[in-house]
Amino acid sequence: MDPKFEHKKIEALIAERWKTGGYFKAERDAKKEPFTIVLPPPNASGRMHTGNVLMVAIEDLLIRWKRMKGYSALWVPGTDHAGFETQTTFERELKKKGKSRFDYDRDTLYQMIWDFVHENKALIEGQIQAMGASVDWSRYTFTLDPEAVATVLDTFEKMEKEGLVYRSDYVVNYSFKWGTTFSDAETTFKERKDPLYYIKYGPLTVATVRPETKLGDTALAVNPNDKRYKKYIDTEIEFEDVTGPNKLKVIADSYVDPKFGTGVLKVTPAHDKNDFEIGIRHGLAVKNVISTNGRMSDNCGKYAGLKVLEARTKIIEDLEALGSIEKIDAEYSHPVPVDYRSEDYIEQLVLPNWFIKVDDSKKSLKKPAYDVVKDKKVKIYPKWREATYLRWVENMHDWAISRQIVWGIRIPAWYNLEENPTVHVVFLDSSGKAVSGNAGDLLKTYSYEEIEKGLQSLNAPKECKYIVSKKKMGKPYLQETDTFDTWFSSGQWPLVTLHYPNSEDFKYFYPTSVLETGWEIVTRWVSRMIMFGIYLTGEAPFKDIYLHGHIRAIDGKKMSKSLGNVINPEDYIAEYGVDALRMGLISGTANGRDFNFPKDKILGYRNFANKIWNMTRFMLMMMEKEDFTKYEDLPEYSKDAAKTYSEEEKEIVKGLNSLIKQVDKNLEKYRFADAGEAIYQFMWHEIADKYIEYVKNLEDKRVALGLLRHVMLNCLKLLHPFMPFVTEAIWQEIPRNVARDLADSDWPEA
RNA sequence: GGGGAAUUAGCUCAGCGGUUUAGAGCACUCGGUUUACAUCCGAGGGGUCAUAGGUUCAAAUCCUAUAUUCCCCACCA
């Protein structure tokens with residue numbers, strides 16, 4: 001043995017050994033109990049970050065532990081197509097080449113991204129392997145594998161048949177920059193200074209930062225308790241507007257804050273989420289005045305076609321001319337919605353979108369998803385996270401599942417262009433020029449085939465009829481160009497990876513045992529998996545949920561590129577080894593709370609790996625010296641033999657037994673750090689500091705050395721799920737009575 | 001604005017059902033070439049457990065306020 005534990009040399013050898021052994025391929029064995037974890041799929045074109053390392057470390061720990069305890073342990077690996085993330089990464093690459101997505105038709109673009117992802121996929125797969133993750137590669141799944149896609153489409157079809165799918169106008173967060181909608185979760189707010197205009201509407205005055213949206217006003221609103229305006233409620237106000245004489249109804253809604261501005265709100269249902277809801281409450285018309293191209297729409301009269309900001313300037317001028325501007329507060333600062341990636345402005349627009357009813361009177365999706373956690377049929381660790389889940393699910397509203405991007409699973413709905421001439425189509429004609437317009441008009445000049453081939457996107461008004469079909473419909477049908485929200489497909493991940501509904505794997509391994517992931521996607525992902533699991537199988541897809549904390553940078557701040565504090569786990573793997581990194585992160589993660597990257601602990605566990613390496617080296621040296629080189633040369637541990645042990649020997653046996661119990665107990669409770677810490681303390685400070693020193697000084701070492709070997713072998717088993725490489729490497733050096741590799745060994749019993 | 005979490009040694013954190021002198025790793029001090037390990041060994045210093053009240057025979061631990069920090073959700077036109 002080398003005088004030091006050389007992780008670089010050993011890791012690859014050991015990984016190869018496990019691969020040859022085939023220990024991680026889970027067999028369906030009726031005599032065994034299944035233990036299943038589905039790996040939350042990392043982004044297929046991304047690379048490993050510290051969060052992934054922690055996730056792998058915890059899941060591998062659970063899986064190896066249960067496998068050694070005799071379960072049929074299955075850990076299913078996979079990668080995610082990560083719709084929006086990947087498409088934007090790819091578009092950045094395109095930009096470097098002076099191209100953009102608008103240069104390609106939809107099918108070509110999709111194929112290009114497919115190729116891009118498949119060129120990069122091997123990287124993350126290799127990293128998962130290098131981490132020592134004992135996943136079953138024979139069951140590897142990519143979210144866009146044909147079978148995975150088929151399952152997702154089947155689910156959509158079923159939901160559509162059962163009336164859970166609908167199309168509706170909806171206020172979406174729309175980015176002109178990216179040309180797509182963003183979910184609320186992908187939208188943040190940024191403080192910005194904008195002039196606040198006080199605009200007269202007849203006798204009333206309204207304060208707004210968006211005068212241009214006045215073209216879409218369909219009411220004025222006041223607080224029902226506001227004495228100043230009581231007399232105007234339910235009356236119509238007439239006034240001279242920039243477009244000529246106008247009149248608006250005054251409604252009462254408690255959303256209006258009497259203390260803000262003048263206490264009068266202009267209601268623009270098409271361009272503000274809250275106004276949209278007021279509109280629904282009061283049955284107001286929705287007048288769309290801003291189009292997806294960032295310009296004022298056709299129904300804006302003389303302002304039509306102007307960019308939003310141009311229209312604002314113009315309208316202010318016109319209002320000034322009318323004498324309708326009461327005052328301007330130039331110092332007004334307010335939060336504006338921006339997209340979380342580029343912090344570019346987000347406009348709220350009304351677009352037809354695809355929705356899932358989550359609280360249908362006949363078939364509620366959210367209620368059982370709530371109950372199952374409330375009733376502790378699915379347990380969340382740490383417990384205090386439960387409240388987040390319950391609160392969110394309780395307030396869940398219908399789910400907009402469509403995204404205006406190419407990279408994803410295309411919604412399998414088809415529009416008959418002859419029956420729906422108003423479908424708006426954008427395509428590249430045979431010369432590569434972009435053409436857009438209504439299908440009815442375009443079909444007069446272009447053939448269906450040309451449109452279909454060059455199709456970039458379509459936008460079907462909500463009245464359009466559609467047919468759901470997984471097969472290509474052909475002329476005169478065009479397929480919806482929206483794709484599913486990533487969470488719609490990854491929400492079915494446990495079902496997809498286990499080949500729901502008819503496979504043997506599904507019957508044996510479903511529901512899975514534990515879902516382990518970061519808490520930040522509890523709402524977006526975990527709730528959806530529970531919903532789909534119950535909807536399709538009647539059973540939640542997992543029994544326990546363990547949520548690990550976020551890893552912050554060393555400075556205690558969130559890792560971010562702009563702060564330059566992002567930690568690349570590979571640097572630490574190279575310097576300290578996989579085992580040290582895994583164990584260091586696990587020991588930092590205690591209660592599922594966020595924690596700072598535990599640099600010192602990683603160093604500490606690197607030293608520990610070296611320590612147990614040298615303990616073994618020393619033990620073997622003592623054996624060799626006394627010529628106990630074969631297994632049989634030393635006495636085996638037995639309860640009988642233990643009766644004649646010395647105090648020191650009895651002490652170490654007692655310590656080992658209590659350690660085994662402690663490790664099991666802590667792992668049952670997901671207290672990984674405590675379990676690991678206990679092994680560390682025992683091996684270093686009981687075995688090395690005390691017991692080895694004791695053996696060292698004995699005249700006759702036979703019995704004590706035999707016991708040392710016994711204790712060491714058992715400790716290696718306990719430590720293996722935490723630090724798989726170094727323990728396996730040491731295991732191979734010690735003479736044993738069983739040939740099996742450590743990864744394939746049985747868990748010790750106290 | 002609503003909700004959650006944290007505040008314990010210089011640093012990062014444990015202390016999960018109230019129990020003897022409050023623990024660990026790193027850092028620090030002193031001393032060590034001892035059949036492996038200096039990524040080591042031995043000894044040691046260092047904490048009024050954020051603050052103020054309360055419950056109790058007994059509180060870092062339970063309760064209530066306050067302060068500070070972090071996070072999530074919402075986002076007043």
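Scope of the values below: all heavy atoms of this structure, side chains included, with no hydrogens, waters or symmetry mates. Numbered from 1 within each chain, the chains take letters A, B, ... in sequence-line order.
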Original post:
For the pair made of CZ in A:Phe597 and P in B:rC13, what is the distance, rounded to whole Å?
Top reply: 13 Å
**OP:** Measure from CZ on A:Arg385 to P on B:rA6 and round the result to the nearest Å.
**Re:** 10 Å
Original post:
Between A:Trp519 and A:His550, how do the two ring planes meet: parallel, tilted or perpendicular, split at 30° and 60°?
Top reply: tilted
Subject >> B:rC63 to B:rG25 separation - C1' atoms, rounded to the nearest Å >> reply: 34 Å
**OP:** Using the test side chain to side chain contact (heavy atoms under 4.5 Å, CB included), find all partners of A:Lys327 that sit at least two apart in sequence or belong to another chain.
**Re:** A:Tyr198
Original post:
For nucleotides 15-23 of chain B, read 5' to 3', which letter fits each nucleotide if B means a protein heavy atom sits under 4.0 Å from the base, S means only the sugar-phosphate is that close, and - means neither?
Top reply: SB-------
Subject >> Any residue meeting side chain to side chain contact (heavy atoms under 4.5 Å, CB included) with A:Arg702, in chain and number order, not counting sequence neighbours >> reply: A:Phe628, A:Leu634, A:Pro635, A:Asp700
Subject >> A:Leu603 CG - B:rA24 P separation (whole Å) >> reply: 18 Å
Original post:
According to the interplanar angle, ranging from 0 to 90°, do the rings of A:Tyr670 and A:Tyr546 count as parallel (below 30°), tilted (30 to 60°) or perpendicular (above 60°)?
Top reply: parallel
Original post:
Of A:Thr208, A:Thr268, A:Asp241, which is the lone residue that meets side-chain hydrogen bond (donor to acceptor under 3.5 Å, both in side chains) with A:Lys214?
Top reply: A:Asp241
**OP:** Look at the side chain of A:Asn596 and decide which nucleotide, out of B:rU12, B:rC76, B:rA24, has an atom nearest to it.
**Re:** B:rU12
**OP:** Take the angle between the ring planes of A:Trp684 and A:Phe608 and call it parallel below 30°, perpendicular above 60°, tilted in between.
**Re:** parallel
Subject >> d(CD, A:Glu686; C1', B:rA24) in whole Å >> reply: 14 Å
Subject >> Length of the CD1-C1' vector between A:Ile346 and B:rA74, whole Å >> reply: 17 Å
Original post:
Hey, is the side chain of A:His685 poking within less than 4.0 Å of OP1 or OP2 on B:rG25, counting only N and O atoms?
Top reply: yes
Original post:
Between A:Tyr680 and A:Tyr605, does the ring centroid distance fall short of 6.0 Å?
Top reply: yes
**OP:** Return the set of residues passing side chain to side chain contact (heavy atoms under 4.5 Å, CB included) with A:Asp272 (not counting sequence neighbours), or none when no residue passes.
**Re:** A:Asn274, A:Asp275, A:Gln348
Subject >> Distance between P atoms of B:rU8 and B:rG2 (Å, rounded) >> reply: 27 Å
**OP:** Whole angstrom is fine here: how far is it from OH in A:Tyr605 over to P in B:rU12?
**Re:** 18 Å
**OP:** Check RNA chain B for consecutive Watson-Crick or G-U pairs with both distances under 3.5 Å and list the runs of at least three as stems.
**Re:** B:1-7 with B:67-73, B:10-13 with B:23-26, B:28-32 with B:40-44, B:50-54 with B:62-66
Original post:
Given atom CE of A:Met583 and atom P of B:rA24, what is their separation to the nearest angstrom?
Top reply: 17 Å
Original post:
Between A:Ile602 (CD1) and B:rG25 (C1'), how many Å, whole number?
Top reply: 12 Å
Original post:
Going by distance alone, is a donor N or O of one side chain under 3.5 Å from an acceptor N or O of the other, for A:His548 and A:Glu516?
Top reply: yes
**OP:** Just compare B:rC75, B:rA5, B:rC70 and give me whichever is closest to any side-chain atom of A:Trp384.
**Re:** B:rA5
Original post:
How would nucleotides 35-40 of chain B be written as a contact map, 5' to 3', with B for base contact, S for sugar-phosphate-only contact and - for no contact, using protein heavy atoms under 4.0 Å?
Top reply: BBB-BS
